[in-house]
Amino acid sequence: MTINKKTIDGGWLARPCPEVASELIGCTLVRRLADGQIIRGAIVETEAYQEGDPACHGSRRRTPSNEAMFGPPGTIYVYLIYGMYNCLNISSDRADFASGVLIRALQLEKIPPGLEEKAKQGDRLAAGPGKLCLALQIDRSLNGQQLTVNETLWLEHRTPEFQQSLDNGENTIIQTTRIGISLGKDLPWRWYLANCPAVSRKGDKGDKRT
DNA sequence: ATCGTGATACAC
DNA sequence: TGTATCACGATT
């Protein structure tokens with residue numbers, strides 16, 4: 001088989017989720033549909049959740065619905081929120097410890113199949129975790145599966161060009177508090193790319209550069 | 001600010 | 001058995 005050094009593996013994800021979440025900014029999420037069509041987008045917004053954090057779905061009890069958060073790094077956790085939207089997380093750290101990264105927004109490379117009518121939303125077709133799953137046709141049927149290159153879903157490392165844009169200050173990653181939660185509001189575990197139109201929401205004044 | 005929508009966890 | 005809650009998004 002061909003080794004693809006661009007692909008992110010479980011080893012890279014086997015670290016505390018805040019570290020993984022911040023470094024996933026600029027990486028590419030790739031989805032392959034059943035008919036072989038490929039949808040690609042750069043990750044521009046993430047949040048970290050882990051055991052001990054009251055906002056984490058795995059912070060109370062291990063149940064069938066949050067089981068994937070306890071899976072080995074690279075396990076896909078998809079849950080239904082408010083009865084109509086799916087949200088995608090990638091489990092991190094280690095098995096039997098609830099930990100993962102919520103992928104909140106993508107800068108898509110092109111209009112995904114089925115969304116041609118919504119093309120006027122342009123850069124904002126995957127601006128938010130629910131919209132992202134709609135755009136990539138991700139639902140709970142993926143829950144509990146592993147990321148697998150060239151199959152349904154996988155991740156690729158930052159390109160050298162993107163890394164360079166961070167190093168020379170052309171691009172900036174902002175760290176701030178998470179969105180849409182009632183507990184654990186104070187933890188600064190959200191990251192997004194500054195000045196990116198595909199980010200779900202702009203931050204507050206107090207947001208920090210990293 | 002409000003509302004749609006449904007699974008789930010936990011109370012009783 | 002009921003019911004409060006929810007890592008959202010569109011609309012006003």
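We use all heavy atoms of the structure for the numbers below, so side chains are in, but hydrogens, waters and symmetry mates are not. Residue numbering restarts at 1 for every chain, and letters A, B, ... go by the order of the sequence lines.
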Is atom CD of A:Gln164 surrounded by more than 12 heavy atoms (other residues, nucleotides or ligands) closer than 6.0 Å? no
Using a cut-off of 6.0 Å, state whether more than 12 heavy atoms not belonging to A:Glu116 lie near its atom CD. yes
Mind jotting down which residue pairs meet the salt bridge (Lys or Arg N to Asp or Glu O under 4.0 Å) criterion with at least one end in residues 65-74 of chain A? Sequence neighbours excluded, please. A:Arg62-A:Glu67
Rounded to the nearest 0.5 Å, the CH2 atom of A:Trp189 sits from the CG atom of A:Leu102 at a distance of 13.5 Å
Could you give the distance from CG (A:Leu13) to CG (A:Leu24), rounded to the nearest 0.5 Å? 6.5 Å
Please report, rounded to the nearest Å, how far the [atom2] atom of [N] is from the [atom1] atom of [X].
{"X": "A:Leu80", "N": "B:dT5", "atom1": "CG", "atom2": "P", "result": "13 Å"}
{"X": "A:Arg60", "N": "C:dT5", "atom1": "CZ", "atom2": "C1'", "result": "11 Å"}
{"X": "A:Asn143", "N": "B:dT8", "atom1": "CG", "atom2": "P", "result": "10 Å"}
{"X": "A:His57", "N": "C:dT5", "atom1": "NE2", "atom2": "C1'", "result": "10 Å"}
{"X": "A:Glu45", "N": "C:dA7", "atom1": "CD", "atom2": "C1'", "result": "11 Å"}
{"X": "A:Arg178", "N": "C:dC6", "atom1": "CZ", "atom2": "C1'", "result": "14 Å"}
{"X": "A:Gln50", "N": "C:dA7", "atom1": "CD", "atom2": "P", "result": "16 Å"}
{"X": "A:Tyr77", "N": "C:dA7", "atom1": "OH", "atom2": "C1'", "result": "9 Å"}

A:Arg158 charged N/C atom sitting above A:Phe162 aromatic ring, 6.0 Å / 45°: no
Here's one to test your reading of the geometry: is the NZ or CZ of A:Arg140 within 45 degrees of the ring axis of A:Tyr77 and under 6.0 Å from its centre? no
Would you find a donor on one side and an acceptor on the other, under 3.5 Å apart, between the side chain of A:Glu51 and the backbone of A:Ser99? no
So, A:Thr75 and A:Gln146: side-chain donor and acceptor under 3.5 Å apart, yes or no? yes
Considering only nitrogen or oxygen atoms on both sides, find all protein atoms under 3.5 Å from nucleotides 8-12 of chain C and state each distance.
from, atom 1, to, atom 2, distance (Å)
C:dC8, OP1, A:Arg104, NH1, 3.1
C:dC8, OP2, A:Gly180, O, 3.4
C:dC8, O3', A:Gly130, N, 3.4
C:dG9, OP1, A:Gly128, O, 3.4
C:dG9, OP1, A:Pro129, N, 3.2
C:dG9, OP1, A:Gly130, N, 2.7
C:dG9, OP1, A:Lys131, N, 3.0
C:dG9, O4', A:Tyr85, OH, 3.2

Pairs counted as Watson-Crick or G-U wobble with both distances under 3.5 Å: what dot-bracket string results for DNA chain C, using | for bases tied to another strand? ||||||.||||.
OP1 or OP2 of B:dT8 sitting under 4.0 Å from any side-chain N/O of A:Arg61? no
Under 4.0 Å: is that the gap between some side-chain N or O of A:Ser65 and OP1 or OP2 of B:dA9? yes
